[in-house]
Amino acid sequence: MNKPGSARVENRFAFGENWRRFLDDIDEARILSAERSLKDMLGLPDLNGRRFLDIGCGSGLFSLAARRLGASVISFDEDMGSVACAEELKARTRKGDKDWRIGQGSVLDEAFMRGLGRFDVVYSWGVLHHTGDLQRALALAAPPVAGGGRLFIAI
């Protein structure tokens, strides 16, 4: 998913290092809790047949939860350490799953965002304000939401 010329924030905090430590704490109870919180916050019993975009996927926990709830998932993060964590979580839990794609990219890269397609749920938890340009990040996170879809952002 990495595209040349993607927008980047220089001197960023290396979030992937924190997520790497968190991976040791991900167990079935934590995954089930993430699933419950997604269902509750989205007001949906499941995500069967839906497309889910995880902007700034971090550890990949909520991407995994969405996938287990039935969504096809695209996860991305600007931080390669975070991408590696999400890939490791996928390898541990859903190795070879073709309905969960993980890659590197920036929400600030308009061409990258446009190329992702449309989604029933666009999810970004605690990420957009770390880009250095919250207004642009919000403006670029919204267009991938399909008609009748949901934009789920926490700042």
Side-chain angles (χ1 to χ4, degrees), residues 1-3 6 15-16 18-20 22-131 134 136-155:
M1 266 190 247
N2 188 18
K3 302 235 178 176
S6 67
F15 286 99
N18 286 350
W19 292 126
R20 169 85 37 221
F22 178 69
L23 285 178
D24 293 335
D25 295 330
I26 296 179
D27 58 10
E28 185 62 20
R30 193 166 294 239
I31 296 167
L32 288 171
S33 178
E35 288 177 21
R36 277 191 305 275
S37 78
L38 274 181
K39 290 190 296 187
D40 290 348
M41 290 185 276
L42 292 170
L44 298 169
D46 60 52
L47 296 174
N48 290 330
R50 291 182 167 91
R51 294 190 72 220
F52 186 96
L53 177 63
D54 189 352
I55 298 173
C57 61
S59 68
L61 175 60
F62 278 82
S63 293
L64 172 60
R67 184 68 192 107
R68 285 184 28 157
L69 290 170
S72 63
V73 176
I74 292 180
S75 315
F76 74 88
D77 204 295
E78 198 276 336
D79 179 75
M80 283 306 297
S82 296
V83 171
C85 289
E87 288 174 339
E88 182 177 328
L89 183 61
K90 179 183 175 185
R92 289 181 189 177
T93 60
R94 299 192 71 93
K95 189 173 186 171
D97 186 341
K98 293 180 180 165
D99 287 324
W100 181 7
R101 294 178 29 219
I102 302 166
Q104 191 275 335
S106 172
V107 68
L108 297 178
D109 183 337
E110 187 173 353
F112 171 77
M113 292 299 293
R114 200 175 27 249
L116 293 172
R118 309 272 288 172
F119 298 85
D120 301 295
V121 178
V122 174
Y123 172 91
S124 187
W125 188 272
V127 172
L128 301 181
H129 59 284
H130 289 290
T131 64
L134 177 59
R136 180 171 171 78
L138 287 168
L140 292 173
V145 179
R150 297 163 194 237
L151 178 61
F152 184 171
I153 294 176
I155 297 175

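This chain uses plain numbering: 1 for the first residue, then up along the sequence.
- With a 4.5 Å cut-off on side-chain heavy atoms, L64 and K90 do not count as touching.
- How far CG of L116 is from CZ of R101: 8.0 Å, rounded to the nearest 0.5 Å.
- In this structure, M41 CE and R150 CZ are separated by 12.5 Å, a value rounded to the nearest 0.5 Å.
- Between the side chain of S75 and the backbone N or O of G60 there is no donor-acceptor pair closer than 3.5 Å.
- Rounded to the nearest 0.5 angstrom, Q104 CD and S82 OG are separated by 10.5 Å.
- Distance alone, capped at 3.5 Å, is enough to place a donor-acceptor pair between the R30 side chain and the D25 backbone.
- Ion pairing of R92 with E88 is present here, as a side-chain N (NZ or NE/NH1/NH2) and a carboxylate O approach within less than 4.0 Å.
- Distance alone, capped at 3.5 Å, places no donor-acceptor pair between the R50 side chain and the G70 backbone.
- Looking at heavy atoms from C-beta onward, L138 lies in side-chain contact with I155 at the 4.5 angstrom threshold.
- D46 contributes no side-chain N or O that, together with a main-chain N or O of L69, makes up a donor-acceptor pair within less than 3.5 Å.
- The two residues L151 and V145 have their closest heavy-atom pair at CB-CG2, 3.9 Å.
- Listed for the E78 side chain is no donor-acceptor partner under 3.5 Å among the backbone atoms of G105.
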One pair to check against side chain to side chain contact (heavy atoms under 4.5 Å, CB included): I26 and S59. What are the steps and the verdict?
CA-CA 9 Å; I26 296 179; S59 68; 4.1 Å; yes

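- Checked by atom type and distance alone, the side chain of D77 pairs as donor or acceptor with a backbone atom of G58 at under 3.5 Å.
- At least one side-chain heavy atom of V122 sits under 4.5 Å from a side-chain heavy atom of P144.
- Ring geometry, Y123 versus F62: the interplanar angle falls under 30°, so the pair is classed parallel (tilted spans 30 to 60°).
- Of all heavy-atom pairs between D120 and G49, the closest is OD2-O, 4.1 Å.
- Scanning both residues, T131 and A137, for their nearest heavy atoms gives OG1-CB, 3.8 Å.
- I74 contributes atom CD1, which lies 11.0 Å from atom CD1 of I55 (distance to the nearest 0.5 angstrom).
- With a 4.5 Å cut-off on side-chain heavy atoms, S63 and I102 do not count as touching.
- Atoms CZ and CG, on R136 and D109 in that order, are 8.0 Å from each other to the nearest 0.5 Å.
- Considering every non-hydrogen atom in both A66 and V73, the closest pair reads CB-CG2, 4.0 Å.
- Taking CG from N48 and OG from S72, the interatomic distance works out to 11.0 Å, rounded to the nearest 0.5 Å.
- Shortest non-hydrogen contact noted between A71 and F52 is CB-CB, 3.8 Å.
- No donor-acceptor pair under 3.5 Å is formed between the side chain of R94 and the backbone N or O of W100.
- Under the side-chain contact (heavy atoms from CB on, under 4.5 Å) test applied with R67, the options T93, L47, D54, D99 reduce to a single match, D99.
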